[in-house]
Amino acid sequence: MPELPEVETVRRGLAPTLVGARIVGVELRRHDLRLPFPKDFAKRLRGRRITELSRRAKYLIASLDDGQALIAHLGMSGSFRVESIPEPVGAFALTRNKNPNHDHVVIRLENGAVIYNDPRRFGFMTLIEGAALDQQDFLARLGIEPLSNAFHAQALAGLFAGRKTSLKAALLDQSLVAGLGNIYVCEALHRAGLAPDQAAAGLAGPQDRPTKETEKLVRAIRDVLEEAIAAGGSSLRDHRQADGALGYFQHQFRVYDRAEEPCLRLKCTGIIQRRTQNGRSTFFCPACQK
DNA sequence: ATTGAGTCCTGAAGGC
DNA sequence: TGCCTTCAGGACTCAA
């Protein structure tokens, strides 16, 4: 499931191919993903040169030379792959085990193609005027970028103040901190030694001043995201890097998908538990997460 | 305003 | 073996 580290991995993988390249054509194999493609999507992209490939939370943003921006969200199962021309007709060697029936978008460049594949179609793409980027609803609603300087204990304490919801639900709320998903929230909470079901407001502390726990949580989130990016993301189900390589951070999970296995914290003798919280699986160690 | 439940989708995994 | 059911989850919409 692409969360921030996976999207960043995809960005880094695609950048050498996309930045500076001209789009010679776009082929849509269906009219929508989770959302419909905007009107004249292919036509508005054709002939444009990509000037920059950036990321905001789990969104990829390709800036174009005419001021437009192509926004892509990978949903749960979206991935890009790069193919160089000539594309082998009828050959499946380069599809890397992906069902070509789920190749929904082909972006043709002068010297190759970038193909978007998404079995579950929870992703989407849209095209907006760059000047309106910050006003786009789904981007404007996003909270703090967790790898930015704006993400610090004081800010997090302010966001959590007065929240009745659980710590885990608060961290999954993209309007507070943007880019975390189920896996990295579980991992960060374990690293910080914090129980997922405690009230988020408790992390705000008196006068909304950050507590030691808030400081720990900020560090844990940063660390786990940076380590995951360095590992090329986590390959669960079908996340791969743009060059088809697998990320390997899943081997460093300490709680996610480890129910009934021993806690990996030094000297902790707890057993990892799985519980459903807000309709999502939460993995945690009841012994060392308080 | 905040919060939680329901929804979309397909492939993997488990049960019989 | 194979069919059937259940589950996974990001982010939207809706309702309390």
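In the text below, chain A, chain B and the rest are named by the order of the sequence lines, each starting its count at 1.
Across Asn182(A), Asn278(A), Asp197(A), Asp173(A), a single residue satisfies side-chain hydrogen bond (donor to acceptor under 3.5 Å, both in side chains) together with Lys168(A), and that is Asn182(A).
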Atom pairs and distances, donor-acceptor, side-chain atoms in residues 183-196 of chain A, under 3.5 Å, two or more places apart:
| residue | atom | partner | partner atom | Å |
| --- | --- | --- | --- | --- |
| Tyr184(A) | OH | Glu6(A) | OE2 | 2.6 |
| Tyr184(A) | OH | Ser234(A) | OG | 2.7 |
| Glu187(A) | OE1 | Arg254(A) | N | 2.8 |
| Glu187(A) | OE2 | Arg254(A) | N | 3.2 |
| Glu187(A) | OE2 | Val255(A) | N | 3.0 |
| Glu187(A) | OE2 | Tyr256(A) | N | 2.8 |
| Arg191(A) | NH1 | Glu227(A) | OE1 | 3.3 |
| Arg191(A) | NH1 | Glu227(A) | OE2 | 3.0 |
| Arg191(A) | NH2 | Glu227(A) | OE1 | 2.9 |

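Contact annotation: Tyr256(A) side-chain N/O to dG9(C) OP1/OP2 distance is under 4.0 Å. For His73(A), a side-chain nitrogen or oxygen approaches OP1 or OP2 of dA11(C) to under 4.0 Å.
Atom pair Asn182(A):CG and dA8(C):C1' shows a separation of 9 Å (rounding to whole Å applied). In this structure, NZ of Lys168(A) is placed 16 Å from P of dT3(B), rounded to the nearest angstrom. Atom P of nucleotide dT2(B) and atom CG of Leu172(A) are separated by 18 Å, given to the nearest angstrom. Rounded to an integer number of Å, the gap from Asp118(A) CG to dG9(C) P is 16 Å. We find that CE of Met76(A) is positioned 15 Å from C1' of dC12(C), with the value rounded to whole Å. With rounding to whole Å, Asp257(A) atom CG is found 15 Å from dC7(C) atom P. In this structure, His102(A) atom NE2 and dT10(B) atom P are separated by 7 Å, rounded to whole Å. Distance Phe283(A) CZ to dG9(C) C1': 12 Å, rounded to the nearest Å.
Listed for the Arg120(A) side chain is no donor-acceptor partner under 3.5 Å among the backbone atoms of Gly78(A).
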How does protein reach along nucleotides 4-9 of chain B, written 5' to 3' as B (base within reach of a heavy atom under 4.0 Å), S (only sugar-phosphate), or - (no contact)? S---BB
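Phe124(A) comes within 4.0 angstrom of nothing in the nucleic acid, heavy atoms only.
In this structure, Phe37(A) and Phe41(A) have tilted ring planes: the angle between them lies in the 30° to 60° band.
Checking dG9(C), dC7(C), dC12(C) against every side-chain atom of Ser281(A), the shortest atom distance belongs to dG9(C).
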For a salt bridge (Lys or Arg N to Asp or Glu O under 4.0 Å) check, start with the C-alpha distance between Lys58(A) and Glu3(A), then their side-chain angles and the critical distance, and finish with the verdict. CA-CA 6 Å; Lys58(A) 304 172 192 171; Glu3(A) 302 181 26; 5.7 Å; no
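In this structure, Asp257(A) does not pair ionically with Arg274(A), as no charged nitrogen and carboxylate oxygen lie closer than 4.0 Å.
Within a 6.0 Å sphere centred on CG of Asp40(A), other residues, nucleotides and ligands contribute more than 12 heavy atoms.
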